[in-house]
Amino acid sequence: MKQLLIRADDIGYSYAVNVGIARTVHEGLVRSVGVMPNMPETARGVEWVRDSDIAIGQHTNVCLGRPCADPAKIPSLLGPDGCFKSSREYRAKYQEGEDFVDFDEAVTEIEAQLARFLEVVGRDPDYFEAHAVMSDNLNRAIAYVAERHGYKNQPASFDPTATVVCGSTPVRMVLRSMTPGYDPAACIKETVETMADGETVVFVAHPGYLDQFILENSSLTTDRTKEVDALISPELRTWLEAQPDLKLIDYRDL
């Protein structure tokens, strides 16, 4: 039996992103959602999906907005304006062989975001991971905090052929947004058709609608709207449910 986990990242990114994610939960296929604890729209986004039977995870964010920790305690993560350094800065430095994230400072901010998550969501996260940036130290800090609290850590993987372990389950992560000509429904079908028997795949999506904030702060824009349409599509749901060897799961099943 194949297992497919469709995950929606970025609750809290913006009002419009929240609207799109909420539609994919209430009308669509999403049963795992990632919360960015530090953003101004986080509480509103969580409220819109709180009563749904879904897994809610901490999607730790250290590349947008202001921190949850005392800025004086995490200088390696922040720019001169007191906001997090951008994902572009992470990529540029990582390609130069530099990881500017201090491990202890990352732990401090992750713990502060966890405290905010618990305050807003009202329960422990069903899984634990980070908004994708290029930093080995951040990934080590995420794993450290997850282990310390007994949470299910989802290691980041940018290689769709690689297997990582989440909980006790080997999983392969697939992220196809921002690829030329991206068609989310076709990519999900292709993913299922190429899965091996007994394999578990996490299909990472970023559904959402667009407002001025997302247009000014994210390079991922129209593909978010495509993912909303695909994930609420009755045709895609019917196709997935017709697969005799496929089970749709969430992080609580791992």
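Starting from 1, each residue takes its place in the sequence as its number. We use all heavy atoms of the structure for the numbers below, so side chains are in, but hydrogens, waters and symmetry mates are not.
Considering all non-hydrogen atoms of both residues, Val17 and Asp10 come closest at CG1-O, 3.5 Å. Between Glu190 and Thr194, the shortest heavy-atom contact is O-OG1, 2.9 Å. Scanning both residues, Val145 and Glu111, for their nearest heavy atoms gives CG1-OE2, 3.8 Å. Minimum interatomic distance between Lys85 and Gly79 (heavy atoms only, all atoms of both residues): CG-N, 4.0 Å. Smallest separation of non-hydrogen atoms from Val30 and Ile54: O-CG2, 3.9 Å. For the residue pair Ala196 and Lys2, the shortest heavy atom distance occurs at O-CG, 3.7 Å.
Side chains of Leu118 and Leu114 form a contact here, defined as non-hydrogen atoms less than 4.5 Å apart. Using a 4.5 Å heavy-atom threshold, the side chains of Tyr127 and Arg7 count as touching. The closest side-chain heavy-atom distance from Leu138 to Ile110 is below 4.5 Å. Residues Glu129 and Met173 have side chains not in contact (no heavy-atom distance under 4.5 Å, counting atoms from C-beta outward).
The side-chain hydrogen bond (donor to acceptor under 3.5 Å, both in side chains) test with Tyr144 singles out one residue from Arg140, Glu147, Arg148, and that residue is Arg148. In summary, of the residues considered (Asp253, Thr200, Thr169), a side-chain hydrogen bond (donor to acceptor under 3.5 Å, both in side chains) with Gln3 occurs for Thr200 alone. When each of Asp102, Val101, Thr108 is paired with Leu77, the side chain to side chain contact (heavy atoms under 4.5 Å, CB included) condition holds for Val101 and for no other.
Salt-bridge formation is not detected for the pair Arg44/Glu47: no Lys NZ or Arg NE/NH1/NH2 atom is positioned less than 4.0 Å from an Asp or Glu carboxylate oxygen. Using a 4.0 Å cut-off between charged side-chain N and carboxylate O, Asp126 and Arg31 make no salt bridge. Comment: Glu89 does not engage Lys93 in a salt bridge, judged by the lack of any side-chain N to carboxylate O separation of less than 4.0 angstrom. Using a 4.0 Å cut-off between a side-chain N of Lys or Arg and a carboxylate O of Asp or Glu, Lys226 and Asp229 do not qualify as a salt bridge.
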**OP:** Apply the test side-chain contact (heavy atoms from CB on, under 4.5 Å) to residues Tyr13 and His206: give CA-CA distance (whole Å), side-chain angles for both, the deciding distance (0.1 Å), then the verdict.
**Re:** CA-CA 10 Å; Tyr13 201 123; His206 298 81; over 6 Å; no
Original post:
Is there a salt bridge (charged side-chain N to carboxylate O under 4.0 Å, His left out) between Asp183 and Lys189 once you walk through the steps?
Top reply: CA-CA 10 Å; Asp183 180 337; Lys189 290 180 179 180; over 6 Å; no
Original post:
Between Leu4 and Ile188, is a side-chain contact (heavy atoms from CB on, under 4.5 Å) present by the stated rule, with each step listed?
Top reply: CA-CA 9 Å; Leu4 178 66; Ile188 290 172; 4.2 Å; yes
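Side-chain contact, Tyr151 with Gln58: no donor N or O sits under 3.5 Å from an acceptor N or O. A side-chain donor from one of Arg224 and Ser218 sits under 3.5 Å from a side-chain acceptor of the other. For the 3.5 Å distance criterion, the side chains of Asn137 and Ser135 fail to qualify, holding no donor opposite an acceptor.
A distance of 10.0 Å separates CG of Asp9 from OG of Ser32, quoted to the nearest 0.5 Å.
Between Tyr209 and Tyr15, the gap from one ring centroid to the other reaches at least 6.0 Å.
Val204 and Leu64 are not part of a single hydrophobic cluster, where members link through side-chain heavy atoms under 4.5 Å apart.
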